Number of protein chains: 2
Amino acid sequence: MVNPYDSPPASPRYSYVEPHQRQTQTLEQAPSQRDDISRRIGEIKLIGAGPGDPDLLTMAAYKAITTWADIVLADKLVSKEILTLVSCPLFIANKDKGCQASGQQELFERATQALRQGLRVVRLKQGDPFIFGRGGEEFLFFRQLGFEPTIVPGLSSSISGPLLANIPLTHRGTASQFLVCTGTGSNDSIPEMPTYVAHRTTVFLMALHRLEALVQDLVELGGYPEHLPVAIVERASAKDQRCIKATVGTIVQTVKETGYRPPGIFIVGWACEALAQDSNQIQGLTDSLASEI
Amino acid sequence: MVNPYDSPPASPRYSYVEPHQRQTQTLEQAPSQRDDISRRIGEIKLIGAGPGDPDLLTMAAYKAITTWADIVLADKLVSKEILTLVSCPLFIANKDKGCQASGQQELFERATQALRQGLRVVRLKQGDPFIFGRGGEEFLFFRQLGFEPTIVPGLSSSISGPLLANIPLTHRGTASQFLVCTGTGSNDSIPEMPTYVAHRTTVFLMALHRLEALVQDLVELGGYPEHLPVAIVERASAKDQRCIKATVGTIVQTVKETGYRPPGIFIVGWACEALAQDSNQIQGLTDSLASEI
């Protein structure tokens, strides 16, 4: 099994990955290999790839990338194990710091070109396309171009991450609602802190690089009690997934001692302990779901 | 395609559905047909079935119900199209009003019996097991019995429902967070109303039977403006999925005019209009994702 968090092959903006069975094929050659291509109108699906384990792809996503698509456009965040399943030309956008705008622009150009050639395009996004994935913006781009995308939901790590660490976002008598928000506002600003609600589980994404400031805001601005359980789920669904348990008052020190391996989700609320056997400690590595089925 | 919202076969508490290929098999006969069964220890997976379309099953769920499981225990909410895929004995719990406790008890007894026989048990739950599915309580039951369940996330309709109606719960410049809560508190009480936050999308589940009272609370207790866009997504992912668009101030009258077909999700916030072309009207029926792949 490939570690999905290894870096994909380097390239200035795009990586172009030939599937094994089509070593000599290029995008430009592909259409001529299908008789019906000239009569087709381009189609696009915006598809969520889930948190990383291929077994957590939806059937719709699996079918789309293995048999439906003529071309797949993915982000670097999509796991290698999933990208390995792609059976057509695959482009991976480079959105490293400083390249986000140009990487996105090139992705749009590639997709536009393919759609105008009458191809079936899959835009594969990590997690769910509409949860902090800017999928809505891509949807509007393609609609404006005359190609209304089909949206296929994927498992968002905001929900599946806690679950895979045995943390139920809702649990009778413990949490009757959950809030998903970001720990970093637009343009790296500090987001508005949601105030403490005892029967709510709060999930912060993109928060761990500023954990200390966030925890300070939780206490001082949000009124969160220091003894409230919290958890960090690192690399959800990967073979080396890890869950760090602590409280609002102890999490910063705990992470200083254990280290932290991105990406991670920060979960705040009583639900963190609803199913716990051993609290206040790191839970062991989990096996991939794939291994036993 | 079968309408997943037709009633499953009636039975006092359980429906026992023989797969086509095993017309004469019963649960008691099943173990003897596998040589290795006597050496096995019972295993259980708590699996989310997603909103209803079989194409929105995860690969893990599909493999579990088609090849891994010796027995599948499901709720009536799980769609017929998904139950058709089950290739082993299938029990469907009857949790009609007045039968919830006894239906759940019988399900626990069936599962316990199977686990003690060394069988592989799948407990298949609608949506995601940990989002208002009481999966945590089942988890604790089986752990106490000595069988630690594996949890497999599924697409929760709280997220996938809005997405399938082209409503992004988060959208840059519109919504930077989302809250999922219930419109009905425990024991049919009125839940605490979350106050209005302009950059938040709020999703209410189990809310539509008391829509009028809920909307009144939104305005009077929560401070939600009457012109705020709202949407109801009915039967998410089914072939007859429908989305009704209105505002806080007009939704009650709109539903009086259009009627309402459960189950449905109530979405409140500016994101309802982020990708809309035609607001304030019912959007047409959507095709099943399954039809085109």
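Below, read A as the first sequence line, B as the second, and so on, with proteins coming before strands; counting in each chain starts at 1. Here the structure is a predicted model, which means the values were calculated and not measured.
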Legend entry - Atom group of A:Phe132 that falls short of 4.5 Å from chain B, counting heavy atoms: both
Inset, instruction - Output yes when a side-chain donor or acceptor of B:Thr58 lies under 3.5 Å from a complementary backbone atom of A:Leu56, and no otherwise. - result: no
Inset, instruction - Flag the pair A:Asp75 and A:Arg123 as a salt bridge only when some basic side-chain nitrogen lies within less than 4.0 angstrom of an acidic carboxylate oxygen. - result: yes
Inset, instruction - State whether the number of non-hydrogen atoms from other residues, nucleotides or ligands found under 6.0 Å of A:Tyr62 atom OH is greater than 12. - result: no
Legend entry - chain A interface, residue from B:Val203, B:Val197, B:Thr170 that has the most non-hydrogen pairs under 4.5 Å: B:Thr170
Legend entry - Side chain, backbone, both or neither of B:Leu169 within contact of chain A (heavy atoms, under 4.5 Å): both
Legend entry - Engaged part of A:Leu205 at the chain B interface, taking heavy atoms whose separation is under 4.5 Å: neither
Legend entry - Proximal component of A:Leu155, with respect to chain B [non-hydrogen, under 4.5 Å]: both
Legend entry - Under 3.5 Å: donor-acceptor pair, side chain of A:Asp128, backbone of A:Gly48: no
Legend entry - Contact origin within B:Phe178 toward chain A - heavy atom pairs under 4.5 Å: both
Inset, instruction - Check the side chains of A:Gln177 and A:Arg200 for a donor-acceptor pair under 3.5 angstrom, ignoring hydrogens and angles. - result: yes
